[in-house]
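Worksheet: one structure, shown below.
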Amino acid sequence: DQQVKQNSPSLSVQEGRISILNCDYTNSMFDYFLWYKKYPAEGPTFLISISSIKDKNEDGRFTVFLNKSAKHLSLHIVPSQPGDSAVYFCAARANYGGSQGNLIFGKGTKLSVKP
Amino acid sequence: DTGVSQDPRHKITKRGQNVTFRCDPISEHNRLYWYRQTLGQGPEFLTYFQNEAQLEKSRLLSDRFSAERPKGSFSTLEIQRTEQGDSAMYLCAASRQPNSPLHFGNGTRLTVT
């Protein structure tokens, strides 16, 4: 049973426009969420994170939104650039009464930004 | 550069052979993780160390897999009697504090023929 779901395997966006990547989760114990970017032949690179006490976190062109009631988070990239083309993974970690679980990853969404 | 080095980058081995991978995080990263990633999937957790103590192992980690972190610095992951289903990217990650992001190395790609 997948606890972190990225239902769109791929997304294509024009350069300069907004990219929106979505992620849904099922475990209500998740309290820390992260987005990673992965280029071919490299390990995932941390992009941005958000704690469950917040509903928005922004870092330059990247903003993550968290909707706890819907168990949904999204990553917005504005403006999108060709160098953003990569696979994006959503990840989440649970907190079991002070004992933290491990990062659980979604299957990823491949973003293509076209010039 | 995440400061997490993995060696080798690629390993091709025949079924039944043993393989060992190494991970070197920077010294401040007292938490070290091993993940496995197959095509079309996200990374899947295998095991986790805090300093030299192995605190958790996934059910994915069969008895053919063993991981060590003898002095709380580098770590090794050994797979005995490899099977074709072991073919995957093996990723090492490290972090400094409990609620901080994991920083991944570039992985070791294992191909079992």
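Each chain gets a letter, A, B and so on, in the order the sequences are listed, and its residues count up from 1. All values below were derived from every heavy atom in this structure, side-chain atoms included, with hydrogens, water molecules and symmetry-related copies excluded.
- Few gaps surround NZ on A:K68; more than 12 heavy atoms of other groups in view lie less than 6.0 Å from it.
- A donor-acceptor pair under 3.5 Å is formed between the side chain of B:Y35 and the backbone N or O of A:L103.
- Among B:G105, B:C92, B:G40, B:S100, the residue with the largest count of heavy-atom pairs under 4.5 Å with chain A is B:S100.
- Linking Ile, Leu, Val, Met, Phe, Trp and Tyr residues whenever their side-chain heavy atoms come within less than 4.5 Å places A:F62 and A:F33 in a single cluster.
- Contact of B:R9 with chain A is made through the side chain alone, with heavy-atom distances under 4.5 Å.
- Surrounding CD1 of B:I26 are more than 12 heavy atoms belonging to other residues, nucleotides or ligands, all under 6.0 Å away.
- Shown here for B:Q37 and A:F89, the closest heavy-atom pair between the two residues is NE2-CZ, 3.2 Å.
- Contacts with chain B were tallied for A:C90, A:A41, A:P44, A:G108; A:P44 has the most, counting heavy-atom pairs under 4.5 Å.
- Here CD of A:E42 is found 13.5 Å from CZ of B:F104. Values are rounded to the nearest 0.5 Å.
- Proximity to chain A (any heavy atom under 4.5 Å) is shown, for B:E44, by neither the backbone nor the side chain.
- With a 4.5 Å cut-off on non-hydrogen atoms, B:S95 does not touch chain A at all.
- The part of B:L91 that comes within reach of chain A is its side chain, from C-beta onward, which places non-hydrogen atoms under 4.5 angstrom from that chain.
- The CG atom of A:N102 lies 10.0 Å from the CG atom of B:L55; values are rounded to the nearest 0.5 Å.
- In this structure, A:I104 and B:F45 have side chains that are not in contact, with every pair of non-hydrogen atoms separated by 4.5 Å or more.
- Residues A:Y88 and A:F65 do not share a hydrophobic cluster, defined by chaining ILVMFWY side chains whose heavy atoms lie under 4.5 Å apart.
- Atom CZ of A:R17 sits in a sparse spot, with 12 or fewer heavy atoms from other residues, nucleotides or ligands closer than 6.0 Å.
- Hydrophobic clustering (side-chain heavy atoms under 4.5 Å, transitive across Ile, Leu, Val, Met, Phe, Trp, Tyr) keeps A:I20 apart from A:L111.
- Both B:L32 and B:L46 belong to a common hydrophobic cluster when Ile, Leu, Val, Met, Phe, Trp and Tyr are linked at side-chain heavy-atom distances under 4.5 angstrom.
- Residue A:R61 qualifies as enclosed at atom CZ: its count of foreign heavy atoms under 6.0 Å is above 12.
- Note on B:Y33 and B:L60: separate hydrophobic clusters, where clusters join Ile, Leu, Val, Met, Phe, Trp and Tyr whose side-chain heavy atoms are under 4.5 Å apart, directly or indirectly.
- Scanning residues 71-81 of chain B against chain A with a 4.5 Å heavy-atom cutoff picks out nothing at all.
- Within the 3.5 Å criterion, the main-chain N or O of B:L102 finds a donor-acceptor partner in the side chain of A:Y36.
- For A:K110, no part lies near chain B; criterion is any non-hydrogen pair under 4.5 Å.
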